[in-house]
Number of protein chains: 4
Amino acid sequence: MSEHRQGPVRSEAARVAILEATARLFQIRGYEHLTMEGIAAEAGVGKQTIYRWWPSRAALVADCLLEGRLFSERFNFPNTGDIRTDLVSWLGNVFGILEEPAGELLWRSLIAAATENEAVGRRLYESLGIGSSLVPRLRAAVEASDLRADAPVEEIGEALMGALILRALSRLPTQPGSAERLVDAVLGDSSRR
Amino acid sequence: MSEHRQGPVRSEAARVAILEATARLFQIRGYEHLTMEGIAAEAGVGKQTIYRWWPSRAALVADCLLEGRLFSERFNFPNTGDIRTDLVSWLGNVFGILEEPAGELLWRSLIAAATENEAVGRRLYESLGIGSSLVPRLRAAVEASDLRADAPVEEIGEALMGALILRALSRLPTQPGSAERLVDAVLGDSSRR
Amino acid sequence: MSEHRQGPVRSEAARVAILEATARLFQIRGYEHLTMEGIAAEAGVGKQTIYRWWPSRAALVADCLLEGRLFSERFNFPNTGDIRTDLVSWLGNVFGILEEPAGELLWRSLIAAATENEAVGRRLYESLGIGSSLVPRLRAAVEASDLRADAPVEEIGEALMGALILRALSRLPTQPGSAERLVDAVLGDSSRR
Amino acid sequence: MSEHRQGPVRSEAARVAILEATARLFQIRGYEHLTMEGIAAEAGVGKQTIYRWWPSRAALVADCLLEGRLFSERFNFPNTGDIRTDLVSWLGNVFGILEEPAGELLWRSLIAAATENEAVGRRLYESLGIGSSLVPRLRAAVEASDLRADAPVEEIGEALMGALILRALSRLPTQPGSAERLVDAVLGDSSRR
DNA sequence: TTTTAACCGAGACGGTACGTCTTGTCTTATA
DNA sequence: TATAAGACAAGACGTACCGTCTCGGTTAAAA
C-alpha cells in the first residue's frame, strides 16, 4: 500500500539553478527584462523544466522571495532597545538603499512583480515587515511598555512600508528629516515619551 | 515672421481617440494586457501615430492620469469639516473600491504602470493624494487648528496612501475597523481632540 | 559456461501493444501525426520500452508492415486466370481505395514513412507488389504462356506500383479507363492475345 | 473609386531571400531537417514574414518548385529524334542522379514534401514529366508516327515517373539494362519499329 | 534461496522547433 | 506632410516531442 510515485524525482539541482538564475537576473536586469528564456539559458535548463514547476516568472520571484534570495541583510531591522531610534535608523537605511540605482531597481521590480502575482505581494508584505522584523519589533515595544498597549501595530507597520513603496513609485528625492517626521507621524501618541 | 508650421497639424481627434482607447482598455483589461497594437486598433489609428507622440504605453497611461480619464469621482475626498471623519470615510471608501474586482484591477494596474514610468508614479502620487485632495485637506485642517501646527502633513499623506498601495499588493481582506485604526495611527498626537 | 542472459525476457505483451498502438494511430492520424509519446501512451507503455527495441517511429511502421498490420485484404491480388483482367481489376480496386480519405491517408503515410526509412521502402516494395502478389502473378502468367517468356516482369510491376504512388502524390482524380490504359501501356506487346 | 490598399507593399527582397534560403537548405539538409526557424535565420528574415505569406514549409517547397529553384537542367529531356533512345537515355540519366547521395536526398525530400502537400505533389507531377518534357515529347513522337496514334501517353509517362519514385523509395541498386527494359515495358507495342 | 541483471511503467531532464504575439521602425497611398 | 494601414526584423511566449536518464517495482536465470 505504497503512496510513492514511480519514476524519477524532481531534480534539486535544476530547482536551485533556476531560482539562482532568477534571482541573479532579477537583480541585474529588473523584473521588466526578466524572461523565461533568459532564465532557462542562464540556469542551463530546458524551458519545460521551468514550466513544469512554476506557472509564471512571477511565481519564480515569489519563490526567490520565500527562500530569501532577493533581500540582503541590509533590510534587517536593528534592535538597540529604543523603538523610535530603531525605526528612524531602519527607515533612513531603506531610504538610502532606494537612492542607489541597484536598490531602486530591486525595489521597483518587486513592486512590479507583486502587481502581477498575489504570492509575491503577500510575501513582500510578510518578509519585508509585517511578518518578520518590523511588526514583531513593534509588538516587543508594546511588551516593554515603550508603546501604548493599544497601539495599532499592524497599521503602523503598513503605514511605514506603504510610505516606502510610495516613495519608490514617486521617485521623489528623500527630504532631510523625512524619516524622523514619518516615524513621528505613525508613532504619534502611541509612544510614551 | 510666422511661428506657424506648414502642413497638417497634429490631429486632435487622433489624440483624443488614442487616450480614450487607452483608458478604456486599461480599465477593462488591465495594464498587463494593454498593448500598443490593441490601442491603435481600438482607436482606429496607425501605430506610428501613437509612437510619434508617446514613447511608451506607460506614457499614455500617464497622460490619461493627467487628464483625469482614469479616476472616477469615487476617489474624491469628502469635506464635512471634521478631518478625522473625512479621513476615515475616504479610506473606507477606497478600501471598498479595492474589494471590487474592477477597482482592484485599476488600482494594481496603476501601480504596475508606475513601476515602469516615473511620470505615472509622480502623477499617481499627486493626483491621488498628496497634490490634490488629501494633503490640501490636511493643510486646511492645520489652518483650522484641527491639527497641530507642526503636524507632518506630507508624511501623513504618504503613510495613508502607502498603506492603501500595500493593501492592494498584499490582497489581504480589509479588517473591520482598519480605516479607523490607520487614521488613529497616522494622526496620533497631531490631532487636537 | 552459459551464454544465457540473466533477468526477465522481452515482454511479448508490450511488443504487441506497441505495434497495435502504432498501427491504430498510423491509420487514424497518419504518419505525420504519429509520435513516440503518443504511441507509448496509447500502448500503456514507457517510452524507454519502445526505444529499447526500435530506433525510430519509422522502424515501428516497418515492423507493422512486416506483420501485415497495415494492409487489409483489399489489396490482395485476384487470380481469375486471365492476367489482363486481374491487373485491371486490382488496379481499379487500389484506385478506388485511393479515393477514400482513409485509404488516401494510409497510402500517403506509407510513402512518407518510406522516404525516411529504407526498411519501410523495401517492405512496401515487397509486400505490396513486387515481392508478394503482383510479380509472382506475372511470373505465373509467363509460365502459363499468357505473357511472352522474355516479358520484363519486374519492370512491369515497378511501373504499375509507381503509377499508383504518383497518383497518390499528385492527388489527381482517377480518369475513367485509366486502369485499362495503364495495363495496356505496361503489358503492351508482352501479352499474347 | 480606388481599389488600392494603403500601406507598404510586399517586399520582393524578402520573398526572394526566403525562397533562396529554402532551396539552399532543402538541397543541403533535406526536407526532414528543413525548419522554419532555420529558413528565417538563413534568409535574415523574421519568422512572421514567412508565416505571413506561406502557411507551411511544404508550401515554400512548392513555390521553389514552381520557380524552378530545385531542379537542375540535368533532369531535362533529350531530343535526338528517336523516342526510344531519348527515353532510355533520360531514364538512365535520372537513375544515375539517384545514385549520387545529393540526388537521392533531393529526390526523396521532394517525395516527402509531396506527401504533406498537394501543391508539391501536383507540381512535381507536372514539372518533372507529365506537364513539361516527358509527355510533350511522347506526344511529339505520336505526331511523328514514332508511336501508335492511340498510345496512352499520359499513362506511359506516369508509369515511367512512378517507377523512378519507387526506385527511390526502395533504394534498390539499379540493375544493368533496367532503363531499357522499363522503356520496353511501357512502350511495348505502342512503338512502331 | 539468494543474488543480480535486465525488463517494465512512469516521467523528469536538456533541447529544438513550433506557430503566435508584440515591439518599434519603415514604407506606401491617401487626404 | 500627417495619417491609417500594415510589412518588416527581432525575439519572447507557452506547447509539443525528441531521445536520454533515473526511479521503484518485477521477473527469472545464475550462483
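Small disclaimer: the values here were computed from a predicted structure and weren't measured. By convention in this document, chain letters (A, B, ...) are assigned in the order of the sequence lines, proteins followed by strands, and residues within each chain are numbered from 1.
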Quiz item: Of the nucleotides E:dT20, E:dT23, F:dG19, which has the atom closest to the B:T35 side chain?
Solution: E:dT23
Quiz item: Between A:R10 and A:W53, is NZ or CZ placed under 6.0 angstrom from the six-membered ring centre and within 45° of the ring axis?
Solution: yes
Quiz item: Does A:T49 make a side-chain N or O approach to OP1 or OP2 of E:dG14 shorter than 4.0 Å?
Solution: yes
Quiz prompt | Nearest to side-chain heavy atoms of B:R52, which nucleotide of F:dA2, E:dC18, E:dT28 | solution = F:dA2
Quiz prompt | Among E:dC18, E:dG24, E:dT27, the nucleotide that comes nearest once only the side chain of D:Y51 is considered | solution = E:dC18
Self-check item: Face-on cation placement of D:R108 at D:Y31 ring, 6.0 Å and 45° thresholds
Solution: no
Self-check item: Heavy-atom side-chain contact between B:R29 and B:L34 under 4.5 Å
Solution: no
Quiz item: NE2 of A:H33 versus P of F:dG11: gap in Å, rounded?
Solution: 13 Å
Practice problem: Nearest-nucleotide wise, let me know which of C:R57 and C:P8 is further upstream toward the 5' end of DNA chain F. | Solution: C:R57
Practice problem: Measure the distance from CZ on D:R29 to P on E:dT16 and round it to the nearest whole Å. | Solution: 13 Å
Practice problem: Using atom CZ of A:R15 as one end and atom P of E:dG14 as the other, report the distance to the nearest whole Å. | Solution: 14 Å
Exercise. Go through E:dG19, E:dC21, E:dT25 for me and flag the one nearest to the D:Q48 side chain.
Key: E:dC21
Quiz item: Which sits closer to the 5' end of DNA chain E, A:S11 or D:L34, going by the nucleotide each is nearest to?
Solution: A:S11
Quiz item: Starting at CG of A:L60 and ending at P of F:dG14, how long is that distance when rounded to a whole Å?
Solution: 11 Å
Self-check item: Minimum side-chain heavy-atom gap D:R52-D:T49 below 4.5 Å
Solution: yes
Exercise. Let me know the distance between CD of B:E12 and C1' of F:dA2, rounded to the nearest Å.
Key: 15 Å
Quiz prompt | Atom pair CG (A:L60) and CG (A:L65), whose distance is rounded to the nearest 0.5 Å | solution = 12.0 Å
Quiz item: Among E:dT27, E:dG11, F:dC13, which nucleotide sits nearest the side chain of A:K47?
Solution: F:dC13
Self-check item: Nearest-nucleotide pick for A:A14, side chain only, options being E:dT28, E:dG14, F:dA9
Solution: E:dG14
Quiz prompt | Which residue lies more 5' along DNA chain E, comparing A:A43 with C:R10 via nearest heavy atoms | solution = C:R10
Practice problem: Enter the distance from B:E20:CD to B:I18:CD1 here, rounded to the nearest 0.5 Å. | Solution: 11.0 Å
Self-check item: Length of the OH-C1' vector between A:Y31 and F:dA12, whole Å
Solution: 14 Å
Self-check item: Spacing between A:I50 atom CD1 and E:dG15 atom P, to the nearest angstrom
Solution: 12 Å
Quiz item: Counting any heavy atom closer than 4.0 Å, what does D:G38 reach on the DNA or RNA strands: base, sugar-phosphate only, or nothing?
Solution: nothing
Quiz prompt | Candidate nucleotides E:dT23, E:dC8, F:dC13, ranked by approach to the side chain of B:M36 - the nearest | solution = E:dT23
Quiz item: Taking only N and O in the side chain of A:W53, is any of them less than 4.0 Å away from OP1 or OP2 of E:dC13?
Solution: yes
Self-check item: Gap between atoms CH2 and P, on A:W54 and F:dG14 respectively (whole Å)
Solution: 15 Å
Practice problem: Measure from the side chain of B:E37, starting at C-beta and using heavy atoms only, and say which of E:dT23, F:dC8, F:dA5 lies closest. | Solution: E:dT23
